[in-house]
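Please read the structure below before turning to the comments.
Quick caveat, the model's predicted, so the values are computed rather than measured. Naming: A, B, ... by sequence-line order, numbering from 1 per chain.
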Amino acid sequence: MVTQDGATVTARSIDATRDWLERNLHSTSIIETERFGFFYGREQALREVSLGIPIDGVTAIMGPSGCGKSTLLRAFNRMNELYPNTRAEGTIRFLGQDLLKADPVAVRRHIGMVFQRPNPFPKSIFDNIAYGPRVHGIRHRAHLAELVEESLRRAALWDEVKDHLKKSALSLSGGQQQRLGIARALAVRPTVLLMDEPCSALDPKATDRIETTTRELAQELTVVIVTHNLQQAGRISDHVAVLLAGGVLAEFGSTRTVFASPFSEQVADYLSGRFG
Amino acid sequence: MIAQVTSEGQRRKRIAQRIAFALLTLSTVSAFVALGAILYSMISNGVSALSWQFLSEFPRKMMTEGGIYPALVGSLYLTVGAVLLSLPFAVASAIWLSAYSRGGLWVRVIRVGVNSLAGVPSIVFGLLGLAFFVKVLGLGVSLLAGALTLALLILPILIRAGEEALQAVPMNFREGALALGATKWHAVRTVVLPTAIPGILTGVILGVSRAIGETAPIMFTAAAFYMSRLPETLSDKVMALPYHIFVMATESPNYYKTRNLQFGAALVLLGMVLLMNLGAVTWRARVRRRKQW
Ligand SMILES: Nc1ncnc2c1ncn2[C@@H]1O[C@H](COP(=O)(O)OP(=O)(O)O)[C@@H](O)[C@H]1O
Ligand SMILES: [Mg+2]
């Protein structure tokens, strides 16, 4: 299971997953929502959202702020329910299984997440990356070291930190911390990586590095990214979902098509920067 | 006309400010003066008693001579015991209050309970300890009964500090751990709790300072008038500094002759509190630096 070159392992596994999906479900969507709705107390954040996240490429979730982008993203790894008084309706399927009835801990093992604000633990760089594998019972030092190196390489951070893995992760710059967040999520070898506006706190150069990394990762796993930056969505995404106020899915399709000829007028307005 | 009115108004404001300033300064100064006066009288009256023998010898001749060694050790035992007994419960309650419960009715009830407990006079704890630990549980007047009573006394302090410390840990950390597939308990144990340790230590410092100086809770539960040896088991009685001072000052046949011993013992008590505080503060600073938090 562990090889020197983690990338090829996962690249092969995305192929295997795609084969499985096509053969068993006659679909290429790794996550499918059906009339999915979500409530915080009595406030409805999402309404009847139906879409399928394609296994290949980067899917961007866009829309004006407060329209439910994070809520949709966090529904995929069951993070929303950490807040009190939440309620979901409709269904979400992950590889054909009912995600909302699954064990959230198991779900998060397969669907990783990178947060809007970098949130390294106050531990060493090594212990940050090894956290996930340790949670899942890996104790063997050499095995952990291998996973740490592999994950840092995949997140394009290895060269910068390889000589001080024992240093506190909090000593890294913002961009490095965010790539650490990516590496930390990769270390449990997820099938899907969720990213919630990962560049919103970063400068253009750091943003560029994250975008490049994200493109590369999309060869090996499914990436879903929330962004309110039109240019960014244009640069890195293959598919785009546009939510509008009230948590309504207004548009979903290939980025090129949606950007060139949006279906709804409101989305056209949003994409041309007239609001949002 | 208008200009005059405003300048009059401004003059008044300036005067008000000066008065407020003077009052604030005065109250700060008076606090210092009071503290200084207490320290001065303690030191001038007690310093002559201080010596290595004073710290290392048993009292002699009805406490009119000799040292305070057994009371010193007893106080240490009682305080450390109280913290050891109280801390696990306090940390557990704090975790429950801050991480597991979803802020319902029970949490509010318990929080009110904890806060009221903090306001209960210490003599009530003493009586409770006598009734429950000494009599009902049959522990007798003992080190264990005293430590348990003091543990109850400092429990609300530790819970509150613990809860505050846990809540100060950013939600981010918790979410980061959970998103990696950690269970709530695992996240608390490996990320939240370690980050909260400095804050919990603050609670321990406060608890220790409170417990070590209390007389009422141990008077009926643990304290001995005089012992010719150190306590050897948890069911032995102990001497304790605050009680020893009380006894020397009120019950000894010629208490006026032992003034300097009383003040000396009080000085030692004060020194112990300072020393423990200092120790905990340095420890906390070290932990903080290591965590960079
Ligand atoms: N924890 C929460 N409790 C209550 N309401 C929330 C919570 N999180 C988000 N909301 C509400 O749900 C709606 C969607 O929020 P969110 O998904 O964060 O939007 P976006 O990420 O698009 O800015 C907003 O109206 C927001 O006020
Ligand atoms: Mg958001």
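One finds no salt bridge joining B:R160 and B:E164 here, because no Lys/Arg side-chain nitrogen approaches an Asp/Glu carboxylate oxygen to under 4.0 Å. The pair A:E150-A:R189 counts as a salt bridge, with a side-chain nitrogen and a carboxylate oxygen less than 4.0 angstrom apart.
Interface residue A:P120: only backbone heavy atoms are found under 4.5 Å from chain B. Using a 4.5 Å cut-off between heavy atoms, A:H136 touches chain B through its side chain atoms alone. Contacts between A:R74 and chain B at a heavy-atom distance below 4.5 Å involve the side chain alone, from C-beta outward.
Per-residue heavy-atom pair counts under 4.5 Å with chain B were compared for A:R117, A:M79, A:M113, and the maximum is reached by A:M79.
The cationic atom of A:R141 (NZ for Lys, CZ for Arg) lies less than 6.0 Å from the six-membered ring centre of A:F126 and within 45° of the ring axis.
By the 6.0 Å contact criterion, NE2 on A:H140 is open, its count of non-hydrogen atoms from other residues, nucleotides or ligands being 12 or less.
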